[in-house]
Amino acid sequence: MITRLPLICLLVSVTAIAADLSPERYWNKALPNTPIPSSLRHLLTADFTDEKSTNVQVGKGGVNVNAGKGKPGGGTAVNVGKGGVHVDTGKGKGKGTHVSVSGGKGPGGGVGVHTGKPGKRTDVGVGKGGVIVHTRHNGKPVYVGVKPGPNPFVYNYAASKTQLHDDPKAALFFLEKDMVPGKEMNLRFNAEDGYDGKTTFLPRGEAETVPFESEKFSEILKTFSVKPGSGEAEMMKKTIEECEAKRVGGEEKYCATSLESMVDFSVSKLGKDHVRAVSTEVAEKNAPMQKYRITAAGVKKLSDDKSVVCHKQKYPFAVFYCHKAMMTSVYSVPLEGENGLRAKAVAVCHKNTSAWNPNHLAFKVLKVKPGTVPVCHFLPETHVVWFSY
């Protein structure tokens, strides 16, 4: 078990305000009029959350909570009283973690405490309303192998020699003039992330205890028990490098390691009063590559100004590469597959591509040059676009 006790002081200021909010409740509080897209809601269902986990809310009075499996030392003991909170977690004497936190004086008067590896830890959030305790046990999804390659949604990357033919995402690019009823395209909307089972969001307080930078990459590998030099390690390294890469033109970018941080970044760029978040919806899970036709229902323009597009990355937990894009249009495109499968796809059209790498995959697919015509792409199911309306 990895213990990060020195981070407790930092967590006091970072998580005190929303220590008692789950990611979904945080969204609803920040954006009460904006529904969560299904693609993001699915990532809130943590596959690694044990069904015997305990969620406890405690009021002003003192209380003792034990979240375990009936064995001494096998769970988590939380004692809450007027003086603060006392936490014991571990597998017995000498093998656990002992944390004592007094009543906070910061905003919200609370604190978040996290111990253990991501996805296999105990979370304790203390706020004005009391305490919430979560225990997790099942670990991260199993890596099954995806060869790292240029991300087509990072526009300063050149396409690899084989990407035009080997990457199914190449088919997602098209020209705006082709977005008309009756147009047929070969598409697949489910994006491979390298894991057997979906990778899910960590709560922000937990995600922020995990390093996410190249300088600490060896520590990151140890945190997730990943072997250096393995395929998974290379994939993780590629994701971090993309997040640290220089910006394209005047775009503003940010890698969100939690749903809460994605909300904060998007709201900071678009405001919160009139904002929507949408994603592609396909009626069948893991639908194969097939020919789709734009139906007579017609294309609907959702936005014609700035937007924030967030692309899900390949990582052991949900990380999104978000960038604010100016001079973009967002469309809802109704599609029907040759097997009758229906999809409501989201397309983003970039009107100015002059700052993109001239050897980017989109230009190879469409046989156009940077800055000449609007370049569009459909969003895979796990990606999301934010826009004002």
Side-chain angles (χ1 to χ4, degrees), residues 146-179 185-189 191-194 212-214 217 231 234-256 265 269 280 305-315 319-331 345-380 382-387:
V146 167
K147 184 178 179 181
N151 185 339
F153 302 115
V154 178
Y155 303 122
N156 60 346
Y157 282 178
S160 65
K161 293 181 179 179
T162 61
Q163 192 175 13
L164 180 62
H165 303 288
D166 296 345
D167 191 342
K169 290 189 288 295
L172 296 176
F173 290 95
F174 63 96
L175 296 177
E176 191 173 32
K177 67 180 181 64
D178 293 329
M179 198 162 31
M185 306 177 187
N186 289 313
L187 301 167
R188 193 184 78 179
F189 292 105
E192 298 291 338
D193 67 0
F212 190 79
E213 53 189 290
S214 296
F217 190 62
E234 290 302 308
M235 180 192 70
M236 294 168 62
K237 182 180 179 181
K238 185 71 175 177
T239 291
I240 294 174
E241 288 175 346
E242 289 174 357
C243 289
E244 295 176 338
K246 65 179 182 179
R247 300 184 299 175
V248 176
E251 76 167 358
E252 299 176 64
K253 70 184 186 74
Y254 173 74
C255 276
F265 177 75
K269 304 306 173 186
T280 293
D305 187 15
K306 60 186 177 181
S307 61
V308 172
V309 188
C310 294
H311 306 284
K312 192 169 185 290
Q313 301 296 95
K314 298 178 175 67
Y315 211 69
V319 172
F320 281 78
Y321 178 99
C322 298
H323 56 108
K324 178 185 176 182
M326 304 298 291
M327 299 181 65
T328 57
S329 297
V330 179
Y331 295 90
V346 173
V348 177
C349 292
H350 300 265
K351 301 174 187 177
N352 184 2
T353 60
S354 57
W356 293 20
N357 189 305
N359 292 311
H360 186 271
L361 179 63
F363 303 133
K364 300 287 187 181
V365 172
L366 303 175
K367 296 180 171 58
V368 297
K369 294 182 178 181
T372 55
V373 294
V375 170
C376 305
H377 61 80
F378 289 113
L379 291 184
T382 54
H383 300 204
V384 60
V385 60
W386 300 69
F387 58 89

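Positions are given from 1, in the same order as the sequence printed here.
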Measure across [X] and [Y] and return the closest heavy-atom pair with its distance rounded to 0.1 Å.
X: Cys322; Y: Val308; answer: CB-CG1, 4.2 Å
X: Leu175; Y: Pro374; answer: CD2-O, 3.9 Å
X: Met235; Y: Tyr315; answer: CE-N, 4.2 Å
X: His350; Y: Trp356; answer: CG-CZ2, 3.6 Å
X: Tyr331; Y: Glu176; answer: OH-OE2, 2.7 Å
X: Val384; Y: Leu379; answer: C-CD1, 4.0 Å

Validation row: [X], [Y] side chains within 4.5 angstrom (heavy atoms):
X: Thr239; Y: Phe212; answer: yes
X: Val330; Y: Val346; answer: yes
X: Glu242; Y: Lys238; answer: yes

For [X], all residues meeting side chain to side chain donor-acceptor pair (under 3.5 Å), sequence neighbours excluded:
X: Lys269; result: Glu252
X: Thr328; result: Ser307
X: Glu244; result: Ser214

Can you tell me how far [atom2] of [Y] sits from [atom1] of [X], rounded to the nearest 0.5 angstrom?
X: Leu366; Y: His360; atom1: CG; atom2: NE2; result: 10.5 Å
X: Lys369; Y: Lys367; atom1: NZ; atom2: NZ; result: 14.0 Å
X: Tyr321; Y: Cys310; atom1: OH; atom2: SG; result: 11.0 Å
X: Met179; Y: Phe378; atom1: CE; atom2: CZ; result: 7.0 Å
X: Glu213; Y: Cys255; atom1: CD; atom2: SG; result: 13.0 Å
X: Lys306; Y: Trp386; atom1: NZ; atom2: CH2; result: 14.5 Å

**OP:** Output yes when a side-chain donor or acceptor of Thr353 lies under 3.5 Å from a complementary backbone atom of Gly371, and no otherwise.
**Re:**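 Here the side-chain-to-backbone pair exists.
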Original post:
Take atom NZ in Lys351; do more than 12 heavy atoms of anything else shown fall under 6.0 Å from it?
Top reply: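 Correct, the count exceeds 12.
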Original post:
Which word best sums up how the rings of His323 and His311 line up, parallel for under 30°, tilted for 30 to 60°, or perpendicular for over 60°?
Top reply: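 Rings of His323 and His311: parallel, as their planes differ by under 30°.
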Original post:
When the aromatic ring centroids of Phe173 and Phe363 are compared, is their separation below 6.0 Å?
Top reply: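 Centroid separation for Phe173 and Phe363: 6.0 Å or greater.
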